[in-house]
Amino acid sequence: SARAWDADDLPLMAAVTGVACMVLEHEAIQRELARQARTDPLTGLMNRRAFLEEANRRIDRLDREDIPGTLIFIDLDRLKPLNDRMGHEAGDNALMLTAGLLRRTFRPSDLLARLGGDEFALWLDGSDELTAAERAERLRNAFPAEMAHLTAGDPAGMTVSIGIASRPGGSGEDLDSLIQRADRAMYEVKRLGGGQWRVS
């Protein structure tokens, strides 16, 4: 039969509790390190590596289910002049405001990432170029107002250049090819002065 705990058992209970706490703390630290390895520290969005891994996984699933998907590349126009005029803190603020605007403009299920510098990428499951273009237009219109307090005094303000590359379900097109198409579309917008979107 079970016996009651007595004073001799207390050190054992304390030791077991201590070990359990250490194990739980270690697991929490490991989870946090894994999260940090996948996250851009400034914006809290996915970083490049995490985005590419997850987008590739999603493409495989979309092909099995015959569902479209769309990649969107976004580049901030005139971030360097803002940095030069107002300092890097203003540039960092612009990047954080962009991340907030992306979170409000796109669905929680969409992948949002900062690829580095002033480049962002989004992956939209189940969306074709028409849906993506509608979201890009919403983003293009909202962006200058979002940055207005940072760009006060600059008549050109800040805008975004957006490139869109869609793939129908089952197309077999890989992520590298989509990246090249979205990147080309984005740079074509940039070459023409920015502040627009283009579908590849």
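Just so it is clear, the structure is predicted and the values come from calculations on it, not from any experiment.
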Under the salt bridge (Lys or Arg N to Asp or Glu O under 4.0 Å) rule, collect the residues that match up with [X], sequence neighbours excluded.
| X | answer |
| --- | --- |
| Asp84 | Lys80 |
| Arg64 | none |
| Arg48 | none |
| Asp128 | none |

* Side-chain donor/acceptor of Asp110 to backbone N/O of Phe106, under 3.5 Å ->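 Checking the backbone N and O of Phe106 against the side chain of Asp110, no donor-acceptor pair under 3.5 Å is found.
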Can you sort out the partners of [X] under side chain to side chain contact (heavy atoms under 4.5 Å, CB included), two or more places apart, ordered by chain and number?
| X | answer |
| --- | --- |
| Asp63 | Ile59, Arg167 |
| Ser127 | Thr70, Arg107, Leu124, Thr131, Arg135 |
| Thr43 | Asp40, Leu45, Leu95, Ala99, Arg114, Phe120 |
| Leu97 | Glu146, Met147, His149, Leu150 |

* Do Asp75 and Ser161 have side-chain atoms, one donor and one acceptor, less than 3.5 Å apart? ->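 The answer is no; no qualifying pair exists.
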* Between Arg138 and Asn141, does a side-chain contact (heavy atoms from CB on, under 4.5 Å) hold up when you go through it step by step? -> CA-CA 5 Å; Arg138 202 181 319 159; Asn141 285 324; over 6 Å; no
* **Non-neighbouring partners of Gln180 that pass side chain to side chain donor-acceptor pair (under 3.5 Å), sequence neighbours left out** =>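 Side chain to side chain donor-acceptor pair (under 3.5 Å) check on Gln180 returns nothing, list empty.
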* **Results of side chain to side chain donor-acceptor pair (under 3.5 Å) for Ser177 - residues two or more places apart only** =>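 Testing Ser177 for side chain to side chain donor-acceptor pair (under 3.5 Å), a comparison that skips the adjacent residues, returns Glu173.
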* To do: Search all heavy atoms of Ala185 against all heavy atoms of Gly163 and return the closest pair with its distance.
  => CB-CA, 3.8 Å
* Asked: Which atoms form the tightest heavy-atom contact between Gly126 and Ile67, and what is the distance?
  ->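 So the minimum-distance heavy-atom pair works out to CA-CG2, 3.4 Å.
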* side-chain contact (heavy atoms from CB on, under 4.5 Å) between Ile74 and Glu119: does it pass, once the steps are laid out? -> CA-CA 6 Å; Ile74 298 164; Glu119 285 193 41; over 6 Å; no
Solution key, residues 192-200 side-chain donor-acceptor pairs under 3.5 Å, sequence neighbours excluded:
unit_1, atom_1, unit_2, atom_2, d
Trp197, NE1, Glu137, OE1, 2.8
Ser200, OG, Arg181, NH1, 3.2

* Check step by step if side-chain contact (heavy atoms from CB on, under 4.5 Å) holds for Met46 and Thr39. => CA-CA 4 Å; Met46 296 177 110; Thr39 305; over 6 Å; no
* To do: If you link ILVMFWY side chains whenever their heavy atoms are less than 4.5 Å apart, which other residues fall into the same cluster as Val189? By chain and number, please.
  =>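 None; Val189 is a cluster of one.
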* Can we say Glu188 and Arg184 salt-bridge, meaning some charged N sits less than 4.0 Å from an Asp/Glu carboxylate O? -> no
